[in-house]
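Below, chain A is the first sequence line, B the second, and so on; all start at residue 1. Being a predicted model, the structure only gives us computed values, none of them experimental.
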Protein chains: 2
Amino acid sequence: MILPQKSIERLSRYRRILLNNLEKGKEHIYSHELASQLHFTPVQVRRDIMLIGYTGTQRKGYVIKELIDRIGEILDGESHTNAIIIGMGNLGKAITSYFNGKRTNIEIAAAFDTDEQKINRVISNVRCYHISKIKEKMDELDISVAIMTLAPEAAQEVADQLVLNGIKGILNFTSIPLNIPEHIYVEDYDMVTSMEKVAYFVNHNE
Amino acid sequence: MILPQKSIERLSRYRRILLNNLEKGKEHIYSHELASQLHFTPVQVRRDIMLIGYTGTQRKGYVIKELIDRIGEILDGESHTNAIIIGMGNLGKAITSYFNGKRTNIEIAAAFDTDEQKINRVISNVRCYHISKIKEKMDELDISVAIMTLAPEAAQEVADQLVLNGIKGILNFTSIPLNIPEHIYVEDYDMVTSMEKVAYFVNHNE
DNA sequence: TAAACATTGTTAAAAATATAACAGTGTTGT
DNA sequence: ACAACACTGTTATATTTTTAACAATGTTTA
Ligand SMILES: NC(=O)c1ccc[n+]([C@@H]2O[C@H](COP(=O)([O-])OP(=O)(O)OC[C@H]3O[C@@H](n4cnc5c(N)ncnc54)[C@H](O)[C@@H]3O)[C@@H](O)[C@H]2O)c1
Ligand SMILES: NC(=O)c1ccc[n+]([C@@H]2O[C@H](COP(=O)([O-])OP(=O)(O)OC[C@H]3O[C@@H](n4cnc5c(N)ncnc54)[C@H](O)[C@@H]3O)[C@@H](O)[C@H]2O)c1
């Protein structure tokens, strides 16, 4: 089953909130509760949940635990995904430590940098290797996804290596447009874009 | 003129690339060049550019400088936007220094934290104040947008203060769902969602 | 027990977004 | 000069995504 991109994004958000609520001891949740915590609409929530073939209980809403599991089946599939992160500067550190806090089926299994000071240090349970070890480690750890948080000058060069070593997906924060073969899934994020969007809509809500 | 959200996002991306190309001494650019650097399609580029009422020159493409200016008129409006950032941890530092590198009409005018070690330090040209100064500074600097990169426990509390002091837009990285009045534009970003999306599409590309 | 209710699940309609098709037009080459 | 070309600009079409409408159904209440 292949779901709309947007639904995938929302499912991920639902799971976060659901885990949150589960921790607080809640067992059931209504579509409108889930919606209001995310500024979505209840209809949209119900529709997404319909799409993944889960069905709640009338008048009690969804059983949180079950729904989390169902979302897991969809998002995670059977496979655990191993990722690496390249560039252990401020952003790399922030992301690594953030990631480690979350219960997810994706694991950052290694980090890479060129700065001698960072090599062999363990940050948030992730060991940092010299970039020259990348092929070796990618093979060893069966890596399919990479997060790029390194200095932009080196980004294309490293991207080429990733491709050579069979990377399947990249989450790119380096804000330079990477030249990457079509078949590899690339997701770019640039917070300047987010800010400009916020500013635009702030200035245009009459 | 109010443009589609998606076009706004793309315009911001175009500008980045255009600035890039301008620096390299390029003066004209074709829709297909712009497109390929961003993994968009040429048609989409042309359509977006049509929407903002800019027109290129036949067979030479767009005049980069002019197009940058036109995008600026749209995205920036006449007003310079002043922003603050709350939480000068790893993520806050990364974002602040990144932002400062970019030529944009949005400026991070102040930072806030509770950690005494950070108070009054200047990081990437931005001075960090104690969070208790927030009202004072927001008034003084005419702040309309806030970036939240603080510890999640404190996020709601600070958000309430922002609302009280008349914030108009928030870019929220704290991954907890903020309870904020409808009329305030909130953009959430969570990199776990991006990663889960990448993993999903990597595992499902037949 | 039956009516009112609150909530889900689903189908239908609308809106937003992306893609395609192609006309228009200056430019180049012959 | 004029035909072929390589682009842009625009309108039309298709696809994706959101929203609305409402039927179905278990639950509560009287
Ligand atoms: N997209 C966004 O929203 C966003 C936000 C902030 C920063 N950034 C970008 O993310 C990147 C990192 O930002 P930062 O603030 O952490 O910078 P930083 O300078 O703190 O970190 C960069 C790290 O990359 C390492 N590095 C350099 N060359 C390398 C190579 N060839 N292989 C491996 N590692 C290498 C450096 O040693 C350093 O540790 C930059 O490209 C920056 O522009 C993007
Ligand atoms: N959305 C994402 O993709 C993403 C990625 C990484 C981190 N995060 C989140 O961003 C936040 C910061 O991450 P980090 O790695 O920089 O953490 P960090 O611990 O390095 O920084 C947090 C900072 O917030 C400050 N702070 C705490 N309470 C405050 C208050 N009341 N007012 C002002 N400042 C306060 C702390 O002193 C600290 O400097 C966390 O909430 C984290 O979960 C989100």
Side-chain angles (χ1 to χ4, degrees), chain A residues 1-14 18 21 26-68 70-71 74 182 187-188 193 197 200-201 204-205, chain B residues 1-14 18 21 26-68 70-71 74 182 187 193 197 200-201 204:
Chain A
M1 174 179 28
I2 191 89
L3 295 164
Q5 295 228 4
K6 286 296 165 64
S7 295
I8 295 296
E9 282 174 29
R10 284 192 299 267
L11 287 169
S12 166
R13 310 278 303 273
Y14 298 151
L18 290 168
N21 281 268
K26 220 164 169 337
E27 293 188 358
H28 293 82
I29 197 167
Y30 297 125
S31 60
H32 65 258
E33 292 178 294
L34 206 37
S36 83
Q37 295 191 47
L38 288 161
H39 305 116
F40 298 160
T41 67
V43 197
Q44 195 161 49
V45 170
R46 293 208 300 279
R47 214 166 183 301
D48 285 332
I49 290 175
M50 186 192 90
L51 285 178
I52 63 173
Y54 176 72
T55 117
T57 60
Q58 237 103 11
R59 203 145 175 148
K60 286 206 168 170
Y62 303 99
V63 179
I64 294 183
K65 216 181 251 172
E66 289 177 6
L67 182 49
I68 289 172
R70 182 66 191 131
I71 293 177
I74 301 291
E182 279 284 314
E187 170 97 2
D188 293 303
T193 295
K197 194 171 147 196
Y200 178 83
F201 286 107
H204 285 74
N205 72 343
Chain B
M1 174 180 27
I2 191 90
L3 295 163
Q5 294 229 4
K6 285 297 163 65
S7 294
I8 296 297
E9 282 174 31
R10 283 193 299 267
L11 286 169
S12 166
R13 310 280 303 274
Y14 297 151
L18 290 167
N21 281 268
K26 220 165 167 343
E27 292 188 358
H28 293 83
I29 196 166
Y30 298 124
S31 60
H32 65 260
E33 292 177 295
L34 205 38
S36 84
Q37 294 189 49
L38 287 161
H39 306 115
F40 298 160
T41 66
V43 196
Q44 195 160 51
V45 171
R46 293 208 301 276
R47 214 164 183 301
D48 285 332
I49 290 174
M50 186 193 92
L51 284 178
I52 64 174
Y54 176 74
T55 117
T57 60
Q58 237 104 11
R59 204 145 174 147
K60 285 206 167 169
Y62 303 99
V63 179
I64 294 183
K65 217 181 253 174
E66 289 177 6
L67 182 49
I68 289 172
R70 182 67 189 129
I71 293 178
I74 300 290
E182 280 284 314
E187 171 98 1
T193 295
K197 193 170 149 198
Y200 179 83
F201 287 106
H204 285 76

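Across every non-hydrogen atom of A/Arg13 and A/Phe40, the tightest pair is NH1-CZ, 4.4 Å. The two atoms that bring B/Tyr200 and A/Leu3 nearest to each other are OH-N, 3.3 Å, heavy atoms only. The two residues A/Leu51 and A/Pro4 have their closest heavy-atom pair at CD1-CD, 4.3 Å.
Distance check: B/Leu34 CG to B/Leu67 CG gives 7.0 Å after rounding to the nearest 0.5 Å. For the atom pair B/His28 NE2 and B/Glu66 CD, the distance stands at 8.0 Å (nearest 0.5 Å). Interatomic distance, A/His204 NE2 to B/Ile74 CD1, rounded to the nearest 0.5 Å: 7.0 Å.
Where DNA chain C meets chain A (any atom under 4.0 Å from a heavy atom), the bounding nucleotides read 5' to 3' are C/dC5 to C/dA12.
Separating the NZ atom of B/Lys60 from the C1' atom of D/dC5 is a distance of 16 Å, rounded to the nearest angstrom. Between the CD1 atom of B/Ile29 and the P atom of D/dT8 there is a distance of 10 Å, given to the nearest Å. Taking atom CG on B/Leu34 and atom C1' on D/dT8, their separation rounds to 14 Å, with Å as the unit. B/Asp48 places its CG atom 12 Å from the P atom of D/dG9, with the value rounded to the nearest Å. Residue B/Glu33 contributes atom CD, which lies 13 Å from atom C1' of D/dA6 at whole-angstrom precision. One interatomic measurement links the two molecules: OH of B/Tyr30 to P of D/dG9, which rounds to 13 Å at whole-angstrom precision.
Among the protein residues, A/Ser7 comes within range of no part of the nucleic acid, since none of its heavy atoms lies under 4.0 Å from any strand.
Within residues 40-47 of chain B, the residues approaching DNA chain D are B/Arg46, B/Arg47, by heavy-atom distance under 4.0 Å.
Position along DNA chain D of the nearest nucleotide to A/Pro4 versus B/Gln58 favours B/Gln58 as the more 5'-ward residue. Taking the nucleotide of DNA chain D with the nearest heavy atom to each of B/His32 and B/Met50, the more 5' of the two is matched to B/His32.
The neighbour count for B/Lys60 NZ, taken as heavy atoms of other residues, nucleotides or ligands under 6.0 Å away, does not exceed 12. Around atom CD of B/Gln5, more than 12 heavy atoms belonging to other residues, nucleotides or ligands sit under 6.0 Å away.
The phosphate of D/dT8 (OP1 or OP2) has no side-chain N or O of B/Thr55 nearer than 4.0 angstrom.
Using a 4.5 Å heavy-atom threshold, the side chains of A/Asp48 and A/Tyr54 count as separate.
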